Amino acid sequence: MLAAAPFAAHAADSSAPLRFVLIPKTVHPWFDKANAGAQAAADMLSRTTGRKVVIEYRAPQTADVSSQNDIIERAIATHPDGLILDLLDEKGNRATMDEAVEEKIPMTVFDSLPPEGMNVTAVGADFCEQGTMAAERLVELIGKKGEVAIMMGVPTAPNHTLRAECEKKVFARYPDVKLVATGVDNDSIETAQKQASAIMQAHPNLVGWVECDASGPVGVGQAIRENGQVGKVREVGLDNLNDMIQLIKEGVADSSASSRPEMQGYWSVVSAWQSATGNKTPKYIDTGIDMLTKKNI
């Protein structure tokens, strides 16, 4: 399926720079990587087409839907050639996205899924596959038995929710694996660490963790180390933050099912550029998943 996009305000003027506003869920190292990929794509398009492409990066200070919507609305008021969004809440972001449609501003979503019925290109990994890979690896690490926990990111975020649902389905297939707790970190490493410590204290027989966002596995890994559970509580994390890679190198975490944030940022800009210049775009761009281990990092 292909998604047709309208012309943006400046797209018809082939000499004017194309300006895209990139709005992630929150200030976060993962999104810094996505922004780096976006800037690389802008540089590539500027060089190859001879028309300057500019990326404005505007991140909410916290993972708050109203704050994100305010940033989106203010971006719409500037009439950019496109919006590149990572949605915090499919339903909560819908009204502001409808405003962009009314203003004929093309949109691309990344690391997320568009609201139901909205014809917008999505760029990202297969979130269910990512959660399934992490949960299946954890099940093997714990010998297919024992108590496990899931650390959610932002409960309203469609990608975080989908990962959690698919992780739960994996655990449900094994009769000797019991899901005993689900924490919520709202994409905060500090919150994840505190919740993980509390959960491990409440469940002393816990043997494993998986997560649904990039902050969660770092906070959980810190809690495992601080509580003296390295080697006793196994962790399979998500994504490729430097702190996550360090936890794997140190043996605190076993591995990480990692999406490719730089690639998501890159292809989001390519898709936005296609829309802004009146071209059709794919319904979905799958940027793939890497299983990071001590052997391959």
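FYI, the numbering just counts along the sequence from 1. If you're wondering where the values come from, they're calculated on a predicted model, not measured in any experiment.
- Judged by distance alone, the side chains of N93 and Q68 do bring a donor and an acceptor atom under 3.5 Å apart.
- A donor-acceptor contact closer than 3.5 angstrom is absent between the side chains of N69 and E73.
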Exercise. Going through the checks in order, is the side-chain contact (heavy atoms from CB on, under 4.5 Å) test met by I105 and I76?
Worked result: CA-CA 8 Å; I105 298 173; I76 291 171; 3.9 Å; yes
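- Looking at heavy atoms from C-beta onward, L22 lies in side-chain contact with N35 at the 4.5 angstrom threshold.
- D64 and T62 share no side-chain donor-acceptor pair at under 3.5 Å.
- At a threshold of 4.5 Å between side-chain heavy atoms, the hydrophobic network of Ile, Leu, Val, Met, Phe, Trp and Tyr places V21 and M97 in one connected group.
- Residues L179 and M152 are members of separate hydrophobic clusters, defined by side-chain heavy-atom contacts under 4.5 angstrom among Ile, Leu, Val, Met, Phe, Trp and Tyr.
- Remark: D176 does not engage K144 in a salt bridge, criterion side-chain N to carboxylate O under 4.0 Å.
- Remark: the E250 side chain and the Q246 side chain contain an N/O donor-acceptor pair separated by less than 3.5 Å.
- Listed here is the closest heavy atom pair of L241 and A214: CD1-O, 3.7 Å.
- The pair K194-E190 meets the salt-bridge criterion, with a side-chain N (NZ, NE, NH1 or NH2) lying under 4.0 Å from an Asp/Glu carboxylate O.
- In the hydrophobic cluster analysis, where Ile, Leu, Val, Met, Phe, Trp and Tyr join through side-chain heavy atoms closer than 4.5 angstrom, V252 is grouped together with L292.
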Exercise. Passes side-chain contact (heavy atoms from CB on, under 4.5 Å), N240 versus K33? Steps please.
Worked result: CA-CA 9 Å; N240 63 349; K33 291 175 178 283; 3.6 Å; yes
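- A salt bridge links R94 to D98: one of the charged nitrogens lies within less than 4.0 Å of a carboxylate oxygen.
- Using a 4.0 Å cut-off between a side-chain N of Lys or Arg and a carboxylate O of Asp or Glu, E235 and R225 do not qualify as a salt bridge.
- Note on V180: it clusters hydrophobically with V220, by side-chain heavy-atom contacts below 4.5 Å among ILVMFWY residues.
- M200 is listed as a side-chain neighbour of I224, based on a closest heavy-atom distance under 4.5 Å.
- No side-chain heavy atom of T191 sits under 4.5 Å from any side-chain heavy atom of N186.
- Between Q274 and P282, the closest side-chain pair of non-hydrogen atoms falls below 4.5 Å.
- Side-chain N/O atoms of N159 and K25 include a donor and acceptor closer than 3.5 Å.
- No side-chain heavy atom of V154 sits less than 4.5 Å from a side-chain heavy atom of D213.
- Taking 4.5 Å as the limit, every side-chain heavy atom of P217 sits out of range of all side-chain heavy atoms of D239.
- S67 is not listed as a side-chain neighbour of Q61, based on a closest heavy-atom distance of 4.5 Å or more.
- The same ILVMFWY cluster, assembled from side-chain heavy atoms under 4.5 Å apart, contains both Y57 and W267.
- Under 3.5 Å, the side chains of D187 and S215 contain a donor-acceptor pair of N or O atoms.
- In this structure, W30 and Q264 have side chains that are in contact, with non-hydrogen atoms separated by less than 4.5 Å.
- The aromatic rings of F110 and F31 sit perpendicular, their planes meeting at an angle over 60°, well past the 30° parallel limit.
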